[in-house]
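Please read these numbers as outputs of a predicted model, since none were measured by experiment. Letters A, B, ... are given to chains in the order of the sequence lines, protein chains preceding strands, and every chain is numbered from 1.
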Amino acid sequence: MEIKISVKNLEAFYGKNKVLHNISIDIPKNKVLAIIGPSGCGKSTFIRCLNRMHEVVGGSIKGEILLDGEDLTKTDPVLLRKRVGMVFQKPNPFPSMSIFDNVAAGLKLNGVRNKKLITPIVEKCLKQSALWDEVKDQLDKSGANISGGQQQRLCIARTLAVDPEVILMDEPASALDPISTTKIEDLIFQLKKDYTIVIVTHNMQQAARVSDYTAFFYMGEIIEFDETNKIFISPSNKQTEDYVRGRFG
Amino acid sequence: MSYSVSKKEKNNFLKRFFPSNNLGDFIFERLTWLFALSVFLLVILMGYEMYEGSKISMQKFGFDFLVNSEWDPVQEIYGALPIIYGTIVSSLLALIIALPFSIGVAVYLAEVAPPWLEKPLSFLVELLAGIPSVIYGLWGIFVLVPWIRTDVEPYLSDKLGFLPFFRGAPYGFGLLAAVLILTIMVLPIITSITRDVLKSVPRSQREAALALGATKWQSTIIVLKDAKSGILGATMLGFGRAIGETMAVTMVIGNRALISPSLFDPSYTMASVIANEFTEATSEMYLSALIQLALVLFVITIFVNALARLLVWSMDRKWKTT
Ligand SMILES: Nc1ncnc2c1ncn2[C@@H]1O[C@H](COP(=O)(O)OP(=O)(O)OP(=O)(O)O)[C@@H](O)[C@H]1O
Ligand SMILES: [Mg+2]
């Protein structure tokens, strides 16, 4: 198992309030890692450390996070976020941009202006995110004028267009209907060939369906981290078992 | 059967007049509706009164009132073109100068400043918006105008004198002083509204941009694009303020109905003319001409505001519906 991100003794703070304690985890490459745990246990905080969005809201961290062996807490966050993309819980397309421009946004931010270069990438990413057939005739429509599920796939396409190595997803399907959810899950399955994916979810079935590995967080600590099968069938920790069986949280 | 139908109808009837099934809500709703209506009626009534009051002048001068450049109360000739020109030019220039500053300050307040600095600064901006205009006028007379006379105008005519805009004797009092004082007056208004508009753009938009690898600057540009209809609205409101500003402008603009390309020359605005000359308007025709001027100002103001709303509305609609 090849390691993509290696987190060592990570602590995360909001002001003086410590919400992640001593997190150490090796995130395998080209696999899907699901993060589960009760509300407020620090799942979002954790994945936001991985692309340094945590510091955008004034948070701070201690410890090391190695991306391909290099400590990402010491690199330029702008460059880092091009390598580690993120899909948010609530779809957040840019309403003042068309569907096309939404997908192209990341490229344009990188200074790519050549339409000949951009067009095929936009098409490829929309196909990859299973949205192409639904929007190919209305690419100049505003990114906010499509359904919530389509918006979320648009946000995924937008993330893919930057060609990241890692994709973080914070409950990407929690605001969606079952059909859109299925589409997103299929998509995640497709994507792991090329990307390392970390997904936060409250949905146990979803975690079981899409992920290869699962980490159970509780009160800012990792209680158990193992292959998904193991976690769901025979967890070694009592708390994990209670949680995945739906007995608390 | 028929009884139950009629009962249902009765219910529908009641629903229509008591939509919320609650007498308190009903009264409140109708009462506020009445207030809203009265505002609307007031506007109509004002327009009508001004129309009536300006009839004599309208009959005498007709369309010439708007295109004739002679404003001569002694000869009883009233052409408002220089006054309309002075009003629009002073307001527009003030807006053009104020807008980049306002957006800059608003961006700083909404996007960059730490909370402990943002609060007092925003408060200060609101404070500036609330200062009575006569105080701006006094400051204009005692500080701004002398400065313009001794420094700004000589400098401009020295460096840019080849342009027609910067020629003539440096009086200090004139269009330039009016433009600058209006700039200072609209700045806080546009700034505070723009700041509010920027703050209303959800944080998720900034996060979306940053997560794609945008710099702070790039994410701000995206936020500005999201907010552009609101910023346009803020600008229009600033224009509305500038165009109707009376006291401060009267105190520094030189008060002469004159069309000149030079910013150094005195000028006049509709609001200042009305304020200055109303007390001396002894003849019926003079009075009527002033009221007609008020009507023009009234119409322009309403037109600008309506346009602002329309633009905001159409832009909003563009992003909200299919
Ligand atoms: N912006 C913030 N400022 C201060 N404290 C915060 C902030 N965001 C989260 N916290 C705190 O950090 C802890 C972890 O929050 P986090 O959002 O990571 O939880 P989560 O596991 O993602 O929860 P959920 O499942 O509800 O999304 C919580 O106790 C929360 O109160
Ligand atoms: Mg969360």
Undergrad: Just wondering, are more than 12 heavy atoms of other shown residues or ligands nearer than 6.0 Å to NZ in Lys62(A)?
TA: no
Undergrad: Whether the side chain of Gln205(B) engages the backbone of Pro93(A) through a donor-acceptor N/O pair (distance < 3.5 Å, no angle test) should be reported.
TA: yes
Undergrad: Can you confirm whether Leu212(B) sits close enough to Met86(A) that some side-chain heavy atom of one is under 4.5 Å from a side-chain heavy atom of the other?
TA: no
Undergrad: Please indicate whether Phe35(B) has more than 12 foreign heavy atoms, meaning atoms of other residues, nucleotides or ligands, lying under 6.0 Å from its CZ.
TA: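 No, the 6.0 Å shell around CZ holds no more than 12 heavy atoms from other groups.
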Undergrad: What are the two closest heavy atoms between Gly213(B) and Lys82(A), and how far apart are they?
TA: O-CE, 3.3 Å
Undergrad: When you look at CZ of Phe28(B), are more than 12 heavy atoms from neighbouring residues, nucleotides or ligands closer to it than 6.0 Å?
TA: no
Undergrad: Would you mind checking which part of Val87(A) comes under 4.5 Å of any heavy atom in chain B, side chain (CB onward), backbone (N, CA, C, O), both or neither?
TA: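 Contact with chain B: none, neither part.
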Undergrad: Which atoms of Phe94(A) are under 4.5 Å from chain B, going by heavy atoms: the side chain, the backbone, both sets, or neither?
TA: both
Undergrad: For residues Ala214(B) and Val78(A), report the shortest heavy-atom separation together with the two atoms involved.
TA: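 For Ala214(B) versus Val78(A), the nearest heavy atoms are O-CG2, 4.0 Å.
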Undergrad: Does NZ in Lys119(B) sit with more than 12 non-hydrogen atoms of other residues, nucleotides or ligands closer than 6.0 Å?
TA: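 Atom NZ in Lys119(B) is not crowded, with 12 or fewer foreign heavy atoms closer than 6.0 Å.
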Undergrad: What distance do Asn51(A) atom CG and Leu210(B) atom CG have between them, rounded to the nearest 0.5 Å?
TA: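 It comes to 9.5 Å.
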Undergrad: Looking at Arg81(A), Arg158(A), Arg52(A), which has the largest count of heavy-atom pairs under 4.5 Å with chain B?
TA: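 The answer is Arg81(A).
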Undergrad: Just checking Leu127(B): does its CG atom have more than 12 heavy atoms from other residues, nucleotides or ligands closer to it than 6.0 angstrom?
TA: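 Yes, enclosed.
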Undergrad: Could you look at Arg203(B) and say if it's the side chain, the backbone, both or neither that has a heavy atom under 4.5 Å from chain A?
TA: side chain
Undergrad: So do Gln218(B) and Lys108(A) actually touch side chain to side chain, heavy atoms under 4.5 Å?
TA: no
Undergrad: Ion pair present between Lys90(A) and Glu207(B), side-chain N to carboxylate O less than 4.0 angstrom?
TA: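 Salt bridge absent between Lys90(A) and Glu207(B).
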Undergrad: Taking all non-hydrogen atoms of both residues, which atom of Asn92(A) and which atom of Ala208(B) are closest, and how far apart?
TA: ND2-CB, 3.3 Å
